[in-house]
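Below is a structure I'd like to ask you about.
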Protein chains: 2
Amino acid sequence: MNPTRRKILAAAWALLEAEEPGKVRLGDIAKQAGISRQALYLHFANRAELLVETARFIDTEKNIDGRLEASRKASSGRERLRAYCTAWAGYLPEIQGVGRAFMAMQHSDEDARIAWADRMAALRHGCAAAVDALAADGDLRNGLSRKDATDMIWTLMSLPNWLQLTQQCGWTQAGYEDWLVESAERLLLER
Amino acid sequence: MNPTRRKILAAAWALLEAEEPGKVRLGDIAKQAGISRQALYLHFANRAELLVETARFIDTEKNIDGRLEASRKASSGRERLRAYCTAWAGYLPEIQGVGRAFMAMQHSDEDARIAWADRMAALRHGCAAAVDALAADGDLRNGLSRKDATDMIWTLMSLPNWLQLTQQCGWTQAGYEDWLVESAERLLLER
DNA sequence: TGTCAACTTGACACGGTGTCAAGTTGATTC
DNA sequence: GAATCAACTTGACACCGTGTCAAGTTGACA
């Protein structure tokens with residue numbers, strides 16, 4: 001990868017983790033990367049695109065796809081649900097900075113809205129796959145449709161929920177993980 | 001109440017319900033109220049204060065306090081939990097416009113952040129009271145602390161969750177209400 | 001007639017994004 | 001050694017919404 005581009009993405013990543021993500025300006029990122037603000041526009045069309053690429057950058061650096069993909073190998077639906085929940089729970093703290101920056105832009109920038117929605121759609125596909133595996137095992141709660149089950153767990157896993165529990169309620173990351181797995185099972189499985 | 005003030009609040013309310021709340025400008029509200037943009041500042045110091053007062057306005061117009069208070073009268077903890085969940089579920093669609101406007105400001109405006117946090121703190125107090133009632137009845141799930149139970153249900157009830165389920169997943173309001181009550185019970189109660 | 005409060009019109013500063021234009025610099029190529 | 005080219009710099013500026021300031025206008029009431 002282009003070294004300047006890499007410097008910019010690393011700077012964006014670092015700042016979004018360190019500061020209030022909604023308050024990180026493009027000028028701050030440029031300064032952190034050691035270039036001029038205008039040079040950013042030689043590599044990214046606008047703020048939204050920079051955020052998208054930063055998210056992709058983190059994905060590859062942290063091998064996110066591989067981690068999430070691993071849950072596919074689970075033998076049972078229940079096992080798959082657990083694996084997917086823990087993989088996502090481990091992913092969330094990595095991208096929370098970018099995620100919050102996206103959320104801050106949602107209301108003003110259409111591109112940002114779409115980009116974040118895409119990302120959440122990918123998460124939902126994984127949820128749907130886990131639910132399908134549960135249904136195939138006959139483990140899905142009686143009277144619960146696959147769609148509703150998918151919607152529920154997808155909502156449970158959302159970034160705002162993670163933020164509220166870990167940032168506002170003071171839960172540890174481990175506590176959040178346990179809660180997510182257990183809640184998913186309580187809401188989806190027959191007991 | 002001062003008639004101009006009332007006109008402004010009604011205009012803000014109407015616009016926040018009708019449009020994308022993050023995109024409603026003060027000028028739009030003024031025009032809708034039939035006054036100049038500057039006249040807004042004769043009644044409210046800034047955007048955040050206008051939103052706060054709009055929320056209070058809706059509260060009194062819809063008798064929100066009374067509705068939420070009614071859940072206190074429940075005889076059992078379980079009944080109280082149900083009543084609080086349904087009361088809040090009925091409240092959410094009323095203030096979703098203002099709520100979204102607040103959420104859009106969270107990242108840029110400290111006043112807005114605090115105002116919304118206050119509101120959510122009030123919701124949490126209600127959650128804690130319901131959890132206490134459950135605990136008094138011995139109905140709280142084994143091994144679940146009151147704080148964790150409160151955090152869980154408080155998070156479940158959040159506006160982002162309502163938005164995701166009803167706006168993105170296409171759930172009906174009734175579907176959301178049923179889900180909230182049932183999920184609260186599944187997560188908090190034994191068995 | 002005079003006063004006062006509520007409101008209007010119009011101008012402007014501020015901050016962050018994104019654009020435009022005119023350099024500078026260093027490596028490559030003839 | 002001169003020309004070229006891409007990457008970058010500096011500096012200016014337009015746009016948008018918020019919030020401020022100043023100078024009118026209007027209508028009620030004394």
Side-chain angles (χ1 to χ4, degrees), chain A residues 1-12 15-16 18-54 97-98 100-116, chain B residues 1-12 15-16 18-54 97-98 100-116:
Chain A
M1 187 194 304
N2 181 315
T4 304
R5 183 184 173 89
R6 170 175 288 271
K7 271 196 298 183
I8 296 170
L9 294 174
L15 280 183
L16 292 174
E19 318 281 334
E20 199 71 47
K23 299 191 177 173
V24 174
R25 294 160 298 185
L26 293 184
D28 299 334
I29 295 174
K31 181 184 287 182
Q32 172 86 7
I35 60 168
S36 67
R37 184 172 73 90
Q38 278 57 28
L40 283 183
Y41 291 97
L42 300 175
H43 295 270
F44 307 96
N46 50 45
R47 186 183 172 89
E49 188 180 310
L50 171 57
L51 288 184
V52 168
E53 296 304 312
T54 305
V98 189
R100 289 166 71 186
F102 266 120
M103 288 172 57
M105 288 186 73
Q106 293 271 324
H107 317 87
S108 57
D109 188 304
E110 185 68 3
D111 290 349
R113 227 204 74 251
I114 291 170
W116 186 247
Chain B
M1 184 194 307
N2 179 314
T4 303
R5 184 184 173 89
R6 169 174 288 272
K7 271 196 298 183
I8 296 170
L9 294 173
L15 279 183
L16 292 174
E19 317 280 334
E20 199 69 48
K23 300 191 176 173
V24 174
R25 295 159 298 185
L26 293 184
D28 299 333
I29 295 174
K31 181 184 289 184
Q32 172 86 5
I35 61 167
S36 67
R37 185 172 72 90
Q38 278 56 31
L40 283 183
Y41 291 97
L42 299 174
H43 297 269
F44 308 96
N46 50 45
R47 185 182 174 87
E49 188 180 308
L50 171 56
L51 288 184
V52 168
E53 295 306 311
T54 304
V98 190
R100 289 165 71 186
F102 267 120
M103 288 172 57
M105 288 186 74
Q106 293 273 322
H107 317 88
S108 56
D109 188 304
E110 186 69 2
D111 291 349
R113 227 205 72 250
I114 292 170
W116 186 247

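Within every chain, numbering begins at 1; the chains are lettered A, B, ... in the order of the sequence lines, protein sequences first and strands thereafter.
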| query | Quick one: B:Leu50 CG to D:dG17 P, roughly how many Å, whole number? | reply | 17 Å
| request: Verify side-chain contact (heavy atoms from CB on, under 4.5 Å) between A:Met1 and A:Leu9, making sure each step is shown before the conclusion. | output: CA-CA 11 Å; A:Met1 187 194 304; A:Leu9 294 174; 4.1 Å; yes
| field | Whole angstrom value for the distance that separates P of D:dC16 from CG of B:Asp28 | value | 13 Å
| request: Using atom CZ of B:Phe44 as one end and atom P of D:dT20 as the other, report the distance to the nearest whole Å. | output: 15 Å
| query | Among the nucleotides C:dC7, D:dG19, C:dT17, which one has an atom lying closest to any side-chain atom of B:Tyr41? | reply | D:dG19
| Among D:dT10, C:dG16, D:dG19, which nucleotide sits nearest the side chain of A:Ser36? | D:dT10
| field | Side-chain donor/acceptor of A:Gln38 to base of D:dT10, under 3.5 Å | value | no
| message | Any base atoms under 4.0 Å from B:Arg37, or only sugar-phosphate, or nothing? Heavy atoms, all strands. | response | base
| task | Tell me what B:Leu26 touches on the nucleic acid: a base, only sugar-phosphate, or nothing, going by heavy atoms under 4.0 Å. | result | sugar-phosphate
| said: What is the distance, to the nearest angstrom, from the CD1 atom on A:Ile35 to the P atom on D:dT9? | reply: 6 Å
| query | Out of C:dG16, C:dT8, C:dG18, which nucleotide sits closest to the side chain of A:Arg47? | reply | C:dG18
| field | Distance, rounded to the nearest Å, where B:Lys7 contributes NZ and C:dA6 contributes C1' | value | 11 Å
| task | Please assess A:Glu49 against A:Asp111 for the test side-chain contact (heavy atoms from CB on, under 4.5 Å), listing each intermediate value before the final yes or no. | result | CA-CA 8 Å; A:Glu49 188 180 310; A:Asp111 290 349; over 6 Å; no
| task | Round to the nearest Å and state the distance from B:Lys31 atom NZ to C:dT8 atom P. | result | 14 Å
| field | Stems where DNA chain C pairs, listed by first number, each of three or more Watson-Crick or G-U pairs under 3.5 Å | value | C:1-30 with D:1-30
| query | So, is A:Thr4 close to the D:dC8 phosphate, meaning a side-chain N or O under 4.0 Å from OP1 or OP2? | reply | yes
| field | Considering all heavy atoms, the nearest A:Gln32-A:Ala11 contact | value | CG-CB, 3.4 Å
| query | In whole Å, what is the span from the CG atom of B:Leu40 to the P atom of C:dT8? | reply | 9 Å
| Pair A:Leu51-A:Phe44, side-chain contact (heavy atoms from CB on, under 4.5 Å): steps then yes or no | CA-CA 9 Å; A:Leu51 288 184; A:Phe44 307 96; over 6 Å; no
| field | Euclidean distance, A:Arg25 CZ relative to A:Arg37 CZ, rounded to 0.5 Å | value | 10.5 Å
| query | Using a cut-off of less than 4.0 Å, is there contact between a side-chain N or O of B:His43 and OP1 or OP2 of C:dC7? | reply | yes
| request: Could you check A:Asn2 against A:His43 for side-chain contact (heavy atoms from CB on, under 4.5 Å), going step by step and ending with a plain yes or no? | output: CA-CA 10 Å; A:Asn2 181 315; A:His43 295 270; 3.8 Å; yes
| request: Tell me which of B:Gly27 and A:Arg5 sits closer to the 5' end of DNA chain D, going by the nucleotide each one is nearest to. | output: A:Arg5
| query | Just how far, in rounded Å, is C1' of D:dT18 from CG of B:Leu51? | reply | 13 Å
| query | Which heavy atom in B:Ile8 sits nearest to a heavy atom in B:Leu40, and how many Å separate them? | reply | CG2-CD2, 3.4 Å
